[in-house]
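So you know, we letter chains A, B, ... as the sequences are listed, proteins then strands, and number each from 1.
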Amino acid sequence: MPGFFRPTKHLKRKVHPVPSVHHSGSNGAIGSQSHPYPGQSPQNKSSWTEAPRSSAAQETLRMEQLQESTANLDLQQVPSVCPINLLQQRDVPRVDPTAPEPGLSTHLRKLNCCSDVFQCTLVNIPHTLALLKQVKLPLGLIFQPFKDSREPPLLITDVPPRCTTCQTYINPFITFIDQQHWKCNTCFSLNDVPGNFLYDPMTGSNCNPHSRPELQHAALEFMVPLEYQAGRPRPVTYLFVFDVSYNAVETGYLGIVCKTLLENIDRLPGDSRTRIGFITFDSTVNFYHLHSSLSRPRMMVVADVDDIFIPSEDKLLVNLQQSRQLVVSLLEEFPVAFRETQKRQCAFGPALQAAQKLLKYCGGRVSAFLTQLPNVGCGSLQPREDPGDSTLGAKHLAPAIDFYKVLALELCGQQTGVDLFLLSQRYTDLASVACLPRYTCGYVYYYPAFHHIHSSALVEKLQQEFQHHLTRSIGYEGLLRIRYTQGLMLETYYGNSFLQTTQMLSLPCVCPQAEFAFLMMIDGAVTDSSFVVFQSSLLYTSCQAVDRSVRLCLAYTRDELMRVLIEALVAYRVSTCSPKQSAFTIPHSLQQLPLYVLALLKQPAFQTDAAMSLDERVFTMSQLMIQPLTLVLRMVYPDLYKIDDYLNSESADNISLERGKETVKRPALVQLMAENLTLQGAFLIDCGNVLYIWVGRHCSTSFLDGVLGVTSYTSLPGTLTLLPILQNPASKLIQALLGSLRKERLYHAPCFIIKDDSTSRSVFIKRLVDDRTETAMSYYEFLLHLKERVCK
Amino acid sequence: DVSAPAACLPRSKMAFTFAAFCYMLALLLTAALIFFAIWHIIAFDELKTDYKNPIDQCNTLNPLVLPEYLIHAFFCVMFLCATEWLTLGVNMPLLGYHIWRYMTRPIMSVPGLYDPTTIMNADILAYCQKEGWCKLAFYLLSFFYYLYGMIYVLVSS
């Protein structure tokens, strides 16, 4: 690799390129100005809208005004718009996803909602659609409504007052017109101030309405009165659908899953009314009577898969506490009972139809396990994968039949969520089957080539993920409504859910990791106020509470990616510099953008080599779409840490990661280049869904001995192995670090060891995004390429 | 005109030719098509203002799609048999559009064009509304055109 110029000093200041709407609660205000310097979004989650350059007279006027104003303003003073020449500053600092702040006054910023719950892609909102189109960056909101954020919502007792026209809850950003009226900031209509805001009955004196909790905090949680509830909330119901065909027994997942379920059966969220049920399927569908009056569980086989009927609901879905003994004995029997099966068909469709009928009146959560292509009854699929296909199966990335989509919509209407565990060695048409979790706010857990003996990493992953799946907190029957200032319009939404009305998502089963994004358009002009407020309210039934509560929280592709990046940069260039300047400048807040676009282009989902199976491609694409922002950032551009001297706790950042009560110091981050890998060191790379430790040839023996458990470098195995858990302080420290990295993630990330000269070395090397590979450019080359396209 | 069932009538009087019959039938069926177009417009407006659920709305809209296309195809066949080339030419683009629209519909097991999971996207909703209005305009114009055509054919025999 040619030696490039390296700057002598590193940027110490943390940059905040991801604009976030700081909602310290439900609502976030973003300063709206006619400033075309928005923040950046390092994500390209979907196909982008075509945005031709507008040349209206009003537009050009604004551009001129801007050029005048920038001439007077010393751009170096304003950090977020200071231009940077990327070719000279190669060490791009790392993205911190909890930044940047929207362009607001400090007072409002304090009131804003916490940024790890709600984020916006632009720091300042343009006034008109034409201006938005000119900057060629998307205006979107990203939020995790149910997250256990570091600033949890405040619990209050009464329902906050709502605007009479648009039903928006009162929030810290409304304006009081006079003593008696307040102006809603979404529809700008006037409402009366309710009595208890002005007059405090406890002390008997007038109080300042601004001291009410609804106006001080932007994240609130409260119980709703009976008129929101249609009858008493239903008990939580868990239904497990197991594949017990010959294929399933081959993989051996049933033993692991039953054991994990037995260990965690008392930690399932719920109360004394929690219900549980089981269905198994191979070529027939089997139900289990578990009523407490029976002495042993009884199996009932329904052979007619074309017309499934349910034997008797109350015996199949039983109260967990009353029938606990039967459930335990059933789970112990399962792995043994089907050991000798020879049935090779899979009636997945009929089993799910049975599940749907069973849960028709009560809703709940279905955890379905599948190990082969469904081939019996309704919902059977054809193998569509063709290894010799030169288009890499592009037309097979969409569902083949709509059976699963229709079923998912019906389940959504019944408030049932489905989570799918796919443990197959062959093609299972994930594209069609994944519709099920996608529209019911569930997740797909994908274990390609799972085997209970041969793939120990996947076994550990299954155990951890299933345990997390069983024990995480859930909200049922969720309805997420989003309200925003007049002048904006929702264009598309992303995330696993179903859009019921233009502003409401139906979430049968919402978990803390669920993240959604909305792409907004400006419809008309946002001129009536200087702020844009977004409010999201999630109405859900908690599994313990008897009432519902509301959480208010106020956030053909490769060429498309390149085109959009270039357009954004050209737009910046045209509006600020004169064309004679040949330096390739980029706003400070967008400086990570080329790096992330390059990293995204190198992602497996966008790769054009044929080494990936169709299912895997569908899975990685869906992961990019639905994972929370922080995880996607790591997947795209992994974090690389030097850990061999971390044990001496000398070279740590001042950033601490929390894990439970202790804080763990995070080791220093290193840029993703092979020249940073030294032979004396060991490096940890955090790729979101997997972790690798790369061990250099001359790594210190204390590290080898303490953490890896081997005496010398040569005794390390040449293939990927899992990191052992040892009982010495060095290993404990590393495990604490890994634990803090893995915290709060939906998918468990196994940690592998890779030697410098092992055969699996390429797995690690291809993650070094800054470097050049056979098919892709290095970062510097990419910058030069961009410069040519932008500065011509 | 050999396909005229009333070819034995003297030429000087008004002749009830097959073409006239076609136009008359077309008039009646265009009224039905106008009704369908208005139904579509109202349905999408209801979706946009959150009055109705997309699943229910799609279940009412989808069964109407194929009958509308088949009626229009029937017109074209009729005018072909009646050798009314101008009218046929006017209807051909719409026939082509219908064929294209039906070929590029999302994967569905029931006949229809609208998928509840994608219909709420703003761009698809806006497209369908525009389509509804354009079709209404077209069917209204063709109604008057067939009326004129019928009288013309009846009179100028």
So between chain B and chain A, what donor-acceptor pairs come in under 3.5 Å?
unit_1: B:D50; atom_1: OD1; unit_2: A:T502; atom_2: N; d: 2.9
unit_1: B:D50; atom_1: OD1; unit_2: A:T502; atom_2: OG1; d: 2.9
unit_1: B:D50; atom_1: OD2; unit_2: A:T502; atom_2: OG1; d: 3.1
unit_1: B:S109; atom_1: N; unit_2: A:D402; atom_2: OD1; d: 3.1
unit_1: B:S109; atom_1: N; unit_2: A:D402; atom_2: OD2; d: 2.9
unit_1: B:S109; atom_1: OG; unit_2: A:D402; atom_2: OD1; d: 3.0
unit_1: B:S109; atom_1: OG; unit_2: A:D402; atom_2: OD2; d: 3.4
unit_1: B:D115; atom_1: OD2; unit_2: A:K405; atom_2: NZ; d: 2.7
unit_1: B:A122; atom_1: N; unit_2: A:E491; atom_2: O; d: 3.0

Inset, instruction - Please flag which part of A:L409 lies under 4.5 Å from any non-hydrogen atom of chain B: side chain, backbone, both or neither. - result: both
Inset, instruction - Give, as side chain, backbone, both or neither, the part of A:A408 having an atom under 4.5 angstrom from any heavy atom of chain B. - result: neither
Inset, instruction - Determine which residues belonging to residues 90-98 of chain B lie within contact range of chain A, meaning some heavy atom pair is under 4.5 Å apart, and list them by number or answer 'none'. - result: none
Legend entry - Approximate separation, where rounding is to 0.5 Å, of B:M108 CE and A:I401 CD1: 14.0 Å
Legend entry - More than 12 heavy atoms of other groups within 6.0 Å of B:Y102 OH: yes
Legend entry - Non-hydrogen atoms of A:F498 and B:P54 that approach each other most closely: CZ-CG, 3.8 Å
